[in-house]
Amino acid sequence: SMMSMEPQTGHVKAWVGGPHYKHFKYDMVYKGKRQVGSTFKPFVYASAIEVGAIHPCDEIPDNKHCVEIPYNENRNDVWCPENAGAEFTHEMTPISVALAKSMNNITASIIKNEGMINEVFNRISQLGIDTSSYLRIPAMALGVFDISIYNMVGAMCSFANNGIYIAPTFIVKVEDKYGNIIYEPTMEAKQVWNNHTAYTMLQLMKEVTIRGTGARIRYKATEKRPYTGIKQPVAGKTGTTNKNTDTWFIGFTSNLLVGVYVGSDNPTPLGRYETGSKTALPIFKNFIKDSVKKSEARPFKAAKGTVMM
């Protein structure tokens, strides 16, 4: 399933609810909700940067980072997430690398900062995500919530729009046969991040597609990998849930945001090696290739007052 929108206006450009309407009549863009996995991590990093809990140039040790969680009324337990297929190096790791490599342990170290759970929770509630059924738990940092593609794409647009959330809309206006406007939706817009945080997140998410989990999009295109070889500025985040059940890629160009989800109707593992970079990323690239002309590709616009190092 896939949805794309123009982040500056909220206009929906494409909506694919499932593989084929004849065989699959359920809309997985709006009605379907699945665990979002690591595509949630940008909200954690952005919240921490926004309140000064971390700085984009910070380094955090690649160690086991544990968070205390309630076990019962008498004692607490500890939650110590590990990284997929990787041992801890115990080396200082830049924030940019931690997000690019989707490191669970360092994301846990960020969410354990005082007040961060509530900060992240409150931010996503401002991004069009209904949080009424969610629990404020540390594991939300790794994307345990079930969220629709529609809501994830809408929330992510804030990073490409100077920190402003705009609700997706697919109706620009309705006119009668005489050209009179009889309906025009009111744009729902809200400043959620400051523009420097939003631009910083775009730069961090560009690293995902350069040296992180989405880097294969930059590989030289071959007959076996026709979906690679993209050269234009792209930012994004992959996501893969436990047992490779839900796989995601949400990516940006300067004028288009695309969210792709690949998974089963009834949640079941896709296969040991099926990750967001292998299943959803190629769909994103093929869509971008046909939708964004090279002449339209622009670098992401820096926030006013940004000092380039």
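With contacts defined as side-chain heavy-atom distances shorter than 4.5 Å, the pair T245/T268 does not qualify. Annotation: side chain of Y199 is not in contact with side chain of F159 (no heavy-atom distance under 4.5 Å). By the 4.5 Å heavy-atom criterion applied to side chains, K112 and I117 are not counted as neighbours. Between M205 and P42, the closest side-chain pair of non-hydrogen atoms falls below 4.5 Å. Two residues are said to be in side-chain contact when any heavy atoms from C-beta on lie closer than 4.5 Å; E175 and N180 fail this criterion. Counting heavy atoms from C-beta outward, T93 and I60 have side chains that stay 4.5 Å or more apart. Put simply, the side chain of W79 does not reach to within 4.5 Å of the side chain of E68, judged on heavy atoms. Side-chain atoms of M3 and V12, non-hydrogen and from C-beta on, do get closer than 4.5 Å to each other.
With 3.5 Å as the limit, one finds no donor-acceptor pair spanning the side chains of S264 and N266. There is a side-chain donor-acceptor pair under 3.5 Å between T279 and T247.
Between the side chain of D62 and the backbone N or O of T89 there is at least one donor-acceptor pair closer than 3.5 Å. With hydrogens and angles ignored, the 3.5 Å screen pairs no side-chain donor or acceptor of E6 with any backbone N or O of N255. Distance alone, capped at 3.5 Å, is enough to place a donor-acceptor pair between the S148 side chain and the N151 backbone. Distance alone, capped at 3.5 Å, is enough to place a donor-acceptor pair between the T253 side chain and the L256 backbone. Not one N or O on the side chain of T39 forms a donor-acceptor pair closer than 3.5 Å with the backbone of G239. In this structure, the side chain of S102 does not engage the main chain of L99 through any donor-acceptor pair within 3.5 Å. Without hydrogens or angle criteria, N122 side chain to E119 main chain gives no donor-acceptor distance under 3.5 Å. Of the possible donor and acceptor atoms, none in the side chain of N162 sits under 3.5 Å from a partner among the backbone N and O of I164. Without hydrogens or angle criteria, N83 side chain to A86 main chain gives no donor-acceptor distance under 3.5 Å. Side-chain N or O atoms of T197 include none that pairs as donor or acceptor with a backbone N or O of W193 at under 3.5 Å.
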For R216 and R218, what are the C-alpha separation, side-chain angles and deciding distance, and is it a side-chain contact (heavy atoms from CB on, under 4.5 Å)? CA-CA 5 Å; R216 68 170 60 201; R218 303 285 186 186; over 6 Å; no
Apply the test side-chain contact (heavy atoms from CB on, under 4.5 Å) to residues M116 and V51: give CA-CA distance (whole Å), side-chain angles for both, the deciding distance (0.1 Å), then the verdict. CA-CA 9 Å; M116 278 307 305; V51 300; 4.0 Å; yes
Show, in sequence, the C-alpha distance, side-chain angles and deciding distance for K237 and S38, and conclude whether the side-chain contact (heavy atoms from CB on, under 4.5 Å) test is met. CA-CA 7 Å; K237 188 68 190 78; S38 293; 3.6 Å; yes
Run V78 and I69 through side-chain contact (heavy atoms from CB on, under 4.5 Å) and show every step you take. CA-CA 6 Å; V78 290; I69 56 175; over 6 Å; no
Quick one: do S125 and T131 satisfy side chain to side chain donor-acceptor pair (under 3.5 Å)? Show the steps, please. CA-CA 6 Å; S125 68; T131 58; 4.9 Å; no
Side chain to side chain donor-acceptor pair (under 3.5 Å) between T240 and W248: does it pass, once the steps are laid out? CA-CA 6 Å; T240 307; W248 296 73; over 6 Å; no
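Listed here is the closest heavy atom pair of D246 and Q35: CB-O, 3.6 Å. Heavy atoms only, all atoms of each residue included: N195 and Q191 are closest at N-NE2, 4.3 Å. Shown here for S158 and L127, the closest heavy-atom pair between the two residues is OG-CD2, 3.6 Å. What you find for V44 and A141 is that their closest heavy atoms are CG2-CA, 3.8 Å. Contact record, A48 with I110: CB-CG2, 3.6 Å, taken as the closest heavy-atom pair. A pairwise comparison of heavy atoms in A14 and M2 identifies CB-CE, 3.7 Å as the closest pair.
You'll find the ring centres of F287 and F284 outside the 6.0 Å limit.
With rounding to the nearest 0.5 angstrom, the CD atom of Q8 is 9.5 Å from the CG atom of L257. The line from CG of N105 to CG of N63 is 8.0 Å long, rounded to the nearest 0.5 Å. In this structure, the separation between OG1 on T213 and CZ on F249 is 7.5 Å, given to the nearest 0.5 Å. We find the OG1-CD distance between T186 and E184 to be 8.5 Å, quoted to the nearest 0.5 Å. Between the OG1 atom of T238 and the NZ atom of K278 there is a distance of 14.5 Å, given to the nearest 0.5 Å. The CD1 atom of I250 sits 4.0 Å away from the CE atom of M152 when rounded to the nearest 0.5 Å.
Tracing side-chain contacts under 4.5 Å through hydrophobic residues (I, L, V, M, F, W, Y), one never reaches V97 starting from L142; they form parts of separate clusters. Taken together through direct or relayed side-chain contacts under 4.5 Å among Ile, Leu, Val, Met, Phe, Trp and Tyr, I95 and M92 form parts of separate hydrophobic clusters. Under the 4.5 Å side-chain heavy-atom criterion for grouping Ile, Leu, Val, Met, Phe, Trp and Tyr, F170 is not connected to I166 through any hydrophobic cluster. Side-chain heavy atoms closer than 4.5 Å link hydrophobic residues (I, L, V, M, F, W, Y) into clusters, and following such links, possibly through other members, connects Y165 to I147. Residues V258 and L281 share a hydrophobic cluster, clusters being chains of Ile/Leu/Val/Met/Phe/Trp/Tyr side chains in contact below 4.5 Å.
A salt bridge is absent between K64 and E82: the closest approach of a Lys/Arg side-chain nitrogen to an acidic carboxylate oxygen does not fall below 4.0 angstrom. Salt-bridge check for R272 with E274: failed, with every basic side-chain N at 4.0 Å or more from each acidic carboxylate O.
Within a 6.0 Å sphere centred on NZ of K25, other residues, nucleotides and ligands contribute more than 12 heavy atoms. More than 12 heavy atoms of other residues, nucleotides or ligands shown are found within 6.0 angstrom of CZ on F24. Under a cut-off of 6.0 angstrom, the local environment of CG in N242 is sparse, with at most 12 non-hydrogen atoms contributed by other residues, nucleotides or ligands.
Remark: K41 fails to qualify as a cation-pi partner of Y45 under the 6.0 Å distance and 45° angle criteria applied to the six-membered ring.
The aromatic rings of F145 and Y134 lie parallel to each other, with less than 30° between the two planes, well short of the 60° mark. Using a 30° and 60° split on the angle between ring planes, Y150 and W15 fall in the tilted class, from 30° to 60°.
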